[in-house]
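This report concerns only the one structure given below.
Counting starts at 1 for both ligands and their atoms, in listed order. Below, each value reflects all heavy atoms present in this structure, side chains not excepted, and no hydrogens, waters or symmetry copies.
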Amino acid sequence: MTKNFERSILVTGGAGFIGSHVVRLLVNKYPGYRIVNLDALTYAGNLENLKDIEGAANYVFEKGDIADEQLVGSLFNTYAFDGVIHLAAESHVDRSILDPLQFVRTNVLGTVVLLNVAKKAWQGNYEGKRFYHVSTDEVYGSLGEEGFFTETTAYDPRSPYSASKASSDHFVMAYHHTYHLPVVISNCSNNYGSHHFPEKLIPLMINNIRNNKPLPVYGKGENIRDWLWVEDHARAIDLIYHKGKDGEKYNVGGFNEWKNIDLVHLLCRIMDRKLGREEGASAKLITYVTDRPGHDLRYAIDATKLNTELGWQPSLQFEEGLEKTVDWYLQNQEWVDHVTSGDYQSYYETQYHKR
Ligand code: NAD
Ligand code: DAU
């Protein structure tokens, strides 16, 4: 703590999927910044995700709950944060259907606690301060076959998860309008890449294909998602944190829409090739199961604002990104085994057995 840092940034949820990519990028790119990662290490958080940077001089890990006001307050005292990049959340739609209250507690209450503590600590002295809230395109609801979500699309959340994220977005904007807290929000589409917890579509399918287990496709597999390489999202977060305007929202997306069933077939083809299986072998594992209740049909982000105002664009083609992702999972079976032991098994039973 004796070293003087140019900036001191609190990243919440830095041991999760996207958060770990954000922490890694910031720690490596800005040796003059102190990056403090506050994470409760729920089932989704894993310090193995950050093994490569855990010894860096500008990195600190703090285990704890964002909804614990006393703890967050004491971290502000200790580290004198001038910025917050808030990613900690319950993030899985299916879990939100099983237990909505946990999503309200973490995503809504946790966000308000962070806002409150930042407001108190900064005491209206907002020069050089920023509260960045990382949100999702799901707050906009579901699209039909046409159209895109823009920053002015009205919120229409339809799952307990998206309702909790929409609520947290509203609180962030309310703190801006009421107390002039310098906030910025981004709403991103579906991420994919390394360290993605295998409850989500892509890593779950990779893991099941590898283990010759059924591939549970919800409904008819016709729902559409817009996929973005997680490292491109991390780059967008870095850019928006530094260059975005206070009180603004930025949509982040991959311009890359896929029907679930087409994506699962593509994964099967890649895995057949990588595992030396006969062509078509993995696709035989596809099993149509009962649909997700209230399943949103289509998400598609218009990221023009981020492109024209801040010059961001995705760097990686989807097929190339998927190949890299599959390679990472095949080379990191120990990580997969670790995160799928214990609680994952009972979640899997509850979620898929009934289907
Ligand atoms: P994740 O589930 O992989 O990670 C969440 C992290 O938050 C975990 O490390 C977990 O331990 C931590 N956490 C949970 N509750 C906490 C609490 N009470 N206190 C402190 N830490 C806590 O999530 P992700 O997919 O990396 O998503 C990160 C953020 O990005 C979320 O806010 C999510 O809504 C948003 N987002 C995700 C996607 C996506 O495709 N995954 C897309 C757009 C936006
Ligand atoms: O759009 C951004 C959101 O993307 C993020 O805010 C969420 O945190 C993230 O989890 C993700 O939500 P989705 O519900 O779109 O992702 P998921 O991977 O759970 O599902 C993707 C699609 O695949 C969706 O249409 C449901 C379907 N699906 C999912 C699973 C887990 C299946 O068909 N079978 C499955 O087993």
- prompt: Any salt bridge between Asp82 and Arg130, counting N to O under 4.0 Å?
  reply: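 No salt bridge links Asp82 with Arg130.
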query: Salt bridge check: are Asp238 and Lys29 linked by an N-O gap of less than 4.0 Å?
result: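 Looking at Asp238 and Lys29, the cut-off is met.
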Numbering as shown, the atoms of ligand 2 that approach [X] to under 4.0 Å (heavy-atom distance):
X: Glu199; answer: 31 (C)
X: Asn223; answer: 25 (O)
X: His92; answer: 19 (O)

[X] neighbourhood, listing ligand 1 atoms whose heavy-atom distance to it stays under 4.0 Å:
X: Cys188; result: 42 (C), 43 (C)
X: Leu41; result: 11 (O)
X: Ser135; result: 43 (C), 44 (C)
X: Asp65; result: 17 (C), 18 (N), 19 (N)
X: Tyr161; result: 33 (C), 34 (O)
X: Asn190; result: 40 (O)
X: Val134; result: 30 (O), 32 (O)

Per [atom], closest listed option by heavy atom ([options]):
atom: atom 20 (C) of ligand 1; options: Gly19, Gly14, Ala40, Gly193; value: Ala40
atom: atom 24 (C) of ligand 2; options: Lys200, Lys259, His295; value: His295
atom: atom 14 (C) of ligand 1; options: Gly13, Ala89, Ala88; value: Ala89
atom: atom 17 (P) of ligand 2; options: His196, Lys220, Glu90, Arg292; value: Arg292
atom: atom 40 (O) of ligand 1; options: Asn191, Asn46, Thr111, Leu114; value: Asn191

Nearest-neighbour protein heavy atom for [atom], which is reported as residue plus atom name and distance:
atom: atom 15 (N) of ligand 1; answer: Thr106 CG2, 3.5 Å
atom: atom 29 (C) of ligand 2; answer: Tyr218 CE1, 3.6 Å
atom: atom 21 (C) of ligand 2; answer: Leu201 CB, 3.8 Å
atom: atom 32 (O) of ligand 1; answer: Lys165 NZ, 2.7 Å
atom: atom 9 (O) of ligand 1; answer: Asp39 OD2, 2.6 Å
atom: atom 27 (C) of ligand 2; answer: Asn260 ND2, 3.4 Å
atom: atom 29 (C) of ligand 1; answer: Leu87 O, 3.2 Å
atom: atom 3 (O) of ligand 1; answer: Phe17 N, 3.0 Å
atom: atom 26 (O) of ligand 1; answer: Ile18 N, 2.8 Å

task: Check the surroundings of atom NZ in Lys324: do more than 12 heavy atoms from other residues, nucleotides or ligands lie under 6.0 Å from it?
output: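 No, the 6.0 Å shell around NZ holds no more than 12 heavy atoms from other groups.
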message: How long is the straight-line distance from CZ of Phe103 back to OG of Ser162, given to the nearest 0.5 Å?
response: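 Here the interatomic distance stands at 10.5 Å.
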Rounded distance [0.5 Å steps], CG in Asp343 versus CD in Glu199: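 Result: 11.5 Å between the selected atoms.
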- prompt: Does Arg225 make a cation-pi contact with Tyr299 (under 6.0 Å, within 45 degrees of the axis)?
  reply: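 Relative to the ring axis of Tyr299, which defines the angle, Arg225 lies inside both limits.
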message: With respect to Ser91, determine whether any N or O atom, backbone or side chain, lies less than 3.5 Å from an N or O atom of ligand 1.
response: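 Yes; the residue has a nitrogen or oxygen that sits under 3.5 Å from a nitrogen or oxygen of the ligand.
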- prompt: Side chain, backbone, both or neither: which part of Ser189 comes within less than 4.0 Å of ligand 1 when only heavy atoms are counted?
  reply: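 The answer is the backbone of Ser189.
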Where's the contact between [X] and ligand 2, heavy-atom distance under 4.0 Å: side chain, backbone, both or neither?
X: Ser189; value: backbone
X: Val93; value: side chain
X: Asp137; value: side chain

- request: Decide whether the shortest distance between a heavy atom of Lys165 and an atom of ligand 2 is less than 4.0 Å.
  value: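 Judged by the 4.0 Å heavy-atom criterion, Lys165 does not count as contacting ligand 2.
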Minimum-distance pair of heavy atoms, taken over all atoms of Asp137 and Phe149: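 Taking Asp137 first and Phe149 second, the nearest heavy atoms are O-CE1, 3.8 Å.
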- prompt: If you take all heavy atoms of Pro216 and Asn208, which pair is closest and at what distance?
  reply: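 The pair with the smallest heavy-atom distance is CD-ND2, 3.9 Å.
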- prompt: Closer than 4.0 angstrom: is that true for some heavy atom of Ala15 and an atom of ligand 1?
  reply: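 Per 4.0 Å heavy-atom rule, Ala15 contacts ligand 1.
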task: Describe, in one word, how the ring planes of Trp122 and Tyr126 are oriented to each other, choosing from parallel (under 30°), tilted (30 to 60°) and perpendicular (over 60°).
output: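 Perpendicular: the ring planes of Trp122 and Tyr126 meet at over 60°.
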